[in-house]
Structures are given as C-alpha cells and as structure tokens.
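As structure tokens, the structure follows; a few thoughts come after it.
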Amino acid sequence: DAKTTQPPSMDCAEGRAANLPCNHSTISGNEYVYWYRQIHSQGPQYIIHGLKNNETNEMASLIITEDRKSSTLILPHATLRDTAVYYCIVRVASGNTGKLIFGQGTTLQVKP
Amino acid sequence: EAGVAQSPRYKIIEKRQSVAFWCNPISGHATLYWYQQILGQGPKLLIQFQNNGVVDDSQLPKDRFSAERLKGVDSTLKIQPAKLEDSAVYLCASSFRWGGGKEMNTEAFFGQGTRLTVV
C-alpha cells in the first residue's frame, strides 16, 4: 500500500495561505491523492482529491507534482476555523473497491 | 441532505462488558466503513461493507469485535468483551459507491462518532 508522509504540525497566520505538503513517493499510476481534515471532536471532512492534474474547489487547491511523488494542499486565505488535523491519503484499491487509510496527519494551527 | 447518523455519542462501560454502536448511513450509499480512532492517532479502518457484504475486515479483531449490515442499510458494531485498550472514538462513514472506474472518486462522509471509555 502506498504510504504518505506529512509534517506533524504547522502554523499559519490568519488571512495568509496555508501550504500543507505531503510525500507519497510510492504512489502507483491509478491511485488518487485525497485530502481530509478533522476539526476537534468531529468526524473527518472531505476537502479535495486528484489524480495528476491540479485541482481547485471552493475549499482549497491541490497541487500534484509531475512525477506524482508529492503534493501540496493550499488553503488560500486561512481562517481560525481552518485549525484542524489535515490528512493526506492515497486511495488504496481493495479488490473492486477502495479504502481510505489514514496516517497521523498534520495539525494546522491558524493564529490570529 | 441528512448526514451519517451514529448513536450513542458517548458510552462508558467497565472492562469485560459488551457494547454496541449503531450507524445509519446517508440514503443510497452502498459503501459503509467503521473506523477506530484512538486519542492522538488517525482513524484506523476496521471493516468496510459494500451493500450487506464485507469487502475488507482485515483489521477487525474478530475475537471480540463483530459488525453486521443487515439489508445493506444500517450497521451495528459490537465489542464483546471490551478491554481498556478499546477506549476510542468509533467513526462510521459512507459513500455512494467506491469501486473501479468513475465511482472511485466518490467521497466518504463521516458521522460524529461514538466516544467509548472502558474503565
């Protein structure tokens, strides 16, 4: 199973862009990169996913390197409500279905 | 749209007792997951259902944990007997379908979880 490596913690100033890196050097060609976040005492929340092209939605942007060995989640204007644990996940295929395997994630602290 | 419902929210039991958690997924979602999240760690997948069939239960401690999904809708997760190390948040998630092709991209929605404390 492809594994991901993330820094355990990061700080970001409110209103600035938060750039969260993820390394997934063993990713295979048909595996997607997913990002979820978990705010304290809540279940994880889907943010964005991608295969090889950069993706953007109302929450964030996902930049995947050309060799697909790493990616960066960008929160363009971080707010205090973005303080959470962010998980970078490579979606593993299990038979005809996929499963989400969570790592330790990055704890993002947005500071005023 | 209603989200994934779980109950109870909190449960405190003594070791060696039994406990059951209930999950009602989003209507129409064929795939259901149970995760265990110990404090300070990421969620660990215990079991995954596709409709009422088990897709993956490789991380489920089958000597004490069991799960079922009757009629492919609601699901229950049971622990019997509980140990101190079972203290954790148990999360249920569902997705429309999680399979090959286009459906692979379907996101999973999580419930609030059940916080279990074993004393």
Crowded around [X] [atom1]? As in, over 12 foreign heavy atoms under 6.0 Å?
{"X": "B:Gln41", "atom1": "CD", "result": "yes"}
{"X": "B:Leu84", "atom1": "CG", "result": "yes"}
{"X": "B:Lys71", "atom1": "NZ", "result": "no"}
{"X": "A:Ile39", "atom1": "CD1", "result": "yes"}
{"X": "B:Arg115", "atom1": "CZ", "result": "no"}

Item to complete: Identify the residues of residues 103-111 of chain A whose heavy atoms come closer than 4.5 Å to a heavy atom of chain B, ordered by number, or report 'none'.
Response: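 Result: A:Gly103, A:Gln104.
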
Practice prompt. Enumerate by number any residue of residues 52-62 of chain A whose heavy atoms lie under 4.5 Å from heavy atoms of chain B; in the absence of such residues, state 'none'.
Written response: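 Within residues 52-62 of chain A, no residue comes under 4.5 Å of chain B, counting heavy atoms only.
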
Do [X] and [Y] belong to the same hydrophobic cluster, where Ile, Leu, Val, Met, Phe, Trp and Tyr are linked whenever their side-chain heavy atoms lie under 4.5 Å apart, directly or via other members?
{"X": "A:Leu20", "Y": "A:Leu80", "value": "yes"}
{"X": "B:Val118", "Y": "B:Leu60", "value": "yes"}
{"X": "B:Ile47", "Y": "B:Leu32", "value": "yes"}
{"X": "A:Val90", "Y": "A:Ile47", "value": "yes"}
{"X": "B:Phe109", "Y": "B:Trp34", "value": "no"}

Practice prompt. Would you mind checking which part of B:Gln59 comes under 4.5 Å of any heavy atom in chain A, side chain (CB onward), backbone (N, CA, C, O), both or neither?
Written response: neither

Worksheet, complete the sentence: Here the gap from A:Leu100 atom CG to B:Leu45 atom CG, rounded to the nearest 0.5 Å, amounts to 8.5 Å

Worksheet item: If you count heavy-atom pairs under 4.5 Å with chain A, which of B:Gly113, B:Pro43, B:Gly40 comes out on top?
Response: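 With the most close heavy-atom pairs to chain A, the winner is B:Pro43.
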
Can you see which heavy atom on [X] is nearest to which on [Y], and at what distance?
{"X": "A:Pro44", "Y": "B:Leu91", "value": "CD-CD1, 3.9 Å"}
{"X": "A:Tyr46", "Y": "B:Glu107", "value": "CD2-OE1, 3.3 Å"}
{"X": "A:Tyr87", "Y": "B:Gly42", "value": "OH-CA, 3.5 Å"}
{"X": "B:Arg9", "Y": "A:Ser41", "value": "NH2-O, 4.2 Å"}

